[in-house]
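Have a look at the structure below before the remarks.
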Amino acid sequence: QVQLVESGGGLVQAGGSLRLSCAASGSRLSIDAMGWYRQAPGKQRELVATITSGGSTNYADSVKGRFTISRDNAKNTVYLQMNSLKPEDTTVYYCNCNARTSGSIRYRDYWGQGTQVTVSS
């Protein structure tokens with residue numbers, strides 16, 4: 001199985017910044033896309049940003065220009081740099097990766113436990 005460990009969440013004032021990290025581990029991992037999603041109370045989980053193995057990125061309209069997703073393939077880690085944070089960014093953020101291990105052929109999605117981001121006004 002692929003395991004994802006998230007870090008970097010916390011409390012920040014509006015206009016501040018946070019950097020989320022998510023490290024994936026597994027037996028001979030091969031990772032395609034990685035990304036961040038968030039889920040507010042009463043809402044379904046939504047895409048924040050994704051990045052392919054080739055470096056192509058995709059962002060939700062609400063975070064374009066403020067958030068930047070990146071990855072370190074050598075560390076099997078994806079990052080989300082969040083700048084100019086707004087109170088509406090407050091929610092739980094989940095790491096995702098599409099990957100396979102040495103014991104599988106087909107890629108599948110894996111999810112982290114989630115990390116809380118709180119932005120005060």
Side-chain angles (χ1 to χ4, degrees):
Q1 270 292 332
V2 175
Q3 296 177 316
L4 303 179
V5 179
E6 301 151 320
S7 62
L11 174 65
V12 67
Q13 294 270 81
S17 299
L18 286 173
R19 192 190 194 201
L20 305 184
S21 299
C22 176
S25 63
S27 178
R28 297 185 64 183
L29 278 178
S30 182
I31 303 175
D32 188 9
M34 304 183 80
W36 292 94
Y37 295 72
R38 64 188 182 187
Q39 187 168 20
K43 293 187 176 182
Q44 62 181 312
R45 192 168 298 184
E46 65 176 351
L47 180 149
V48 177
T50 59
I51 182 167
T52 68
S53 60
S56 296
T57 58
N58 184 40
Y59 296 93
D61 288 341
S62 60
V63 307
K64 287 181 179 177
R66 300 188 298 121
F67 292 8
T68 302
I69 188 170
S70 62
R71 64 191 289 170
D72 185 335
N73 292 331
K75 297 181 178 180
N76 291 325
T77 300
V78 63
Y79 306 93
L80 185 68
Q81 179 66 48
M82 304 185 293
N83 298 326
S84 301
L85 283 162
K86 305 174 180 179
E88 49 262 45
D89 295 319
T90 296
T91 189
V92 178
Y93 286 71
Y94 296 89
C95 177
N96 168 269
C97 74
N98 185 247
R100 64 172 174 85
T101 66
S102 61
S104 64
I105 297 176
R106 185 170 179 82
Y107 285 73
R108 56 157 287 182
D109 285 329
Y110 296 88
W111 293 91
Q113 295 295 313
T115 184
Q116 176 70 45
V117 171
T118 303
V119 184
S120 62
S121 60

**Message:** Test your reading of the model: is there a side-chain donor-acceptor pair from Thr91 to the backbone of Ala40, 3.5 Å cut-off?
**Reply:** yes
**Item:** Side-chain donor/acceptor of Gln113 to backbone N/O of Glu6, under 3.5 Å
**Value:** no
**Asked** Looking at Asp32 and Arg71, what are the two nearest heavy atoms and their distance?
**Response** O-NH1, 2.7 Å
**Request:** State whether the side chain of Tyr59 and the backbone N or O of Ile69 hold a donor-acceptor pair below 3.5 Å, judged by distance alone.
**Result:** yes
**Asked** In Å, rounded to the nearest 0.5 Å, how long is the span from CG of Leu47 to OG of Ser62?
**Response** 9.5 Å
**Distance-minimising heavy-atom pair for Val92 and Gln116** = CG2-OE1, 3.3 Å
**Request:** Determine the interplanar angle of the Trp111 and Tyr37 rings, folded into 0 to 90°, and report it as parallel if under 30°, tilted if 30 to 60°, perpendicular if over 60°.
**Result:** perpendicular
**Asked** Does some side-chain heavy atom of Ser30 sit less than 4.5 Å from a side-chain heavy atom of Tyr107?
**Response** yes
**Request:** May I have the step-by-step check of salt bridge (charged side-chain N to carboxylate O under 4.0 Å, His left out) for Lys86 and Asp89, ending in yes or no?
**Result:** CA-CA 5 Å; Lys86 305 174 180 179; Asp89 295 319; over 6 Å; no
**Message:** Can you confirm whether more than 12 heavy atoms, excluding those of Gln3, are under 6.0 Å from its CD atom?
**Reply:** no
**Asn83 side-chain N/O to Phe67 backbone N/O, donor-acceptor pair under 3.5 Å** = no
**Message:** For a 4.5 angstrom cut-off between non-hydrogen side-chain atoms, does Glu46 reach Arg38?
**Reply:** yes
**Complete:** Rounded to the nearest 0.5 angstrom, the CG-OG distance for Leu4 and Ser25 is 7.5 Å
**Prompt:** For the residue pair Leu80 and Ala49, what are the closest heavy atoms and their distance?
**Reply:** CD1-CB, 4.2 Å
**Request:** Would you name the heavy atoms of Ser53 and Ile31 that are closest together and state the gap between them?
**Result:** CB-O, 4.0 Å
**Asked** Under 3.5 Å, side chain of Arg28 to main-chain N/O of Arg100, donor-acceptor pair present?
**Response** no
**Asked** Heavy atoms, side chains only, cut-off 4.5 Å: are Met82 and Val117 in contact?
**Response** yes
**Message:** With a 3.5 Å distance limit and no angle check, can you tell me whether Thr115 reaches the backbone of Tyr93 through a side-chain donor-acceptor pair?
**Reply:** no
**Asked** Strictly by modelled atom types, are Thr68 and Tyr79 linked by a side-chain donor-acceptor pair under 3.5 Å?
**Response** no
**Gap separating the CG atom of Leu85 from the CZ atom of Arg66, nearest 0.5 angstrom** = 6.5 Å
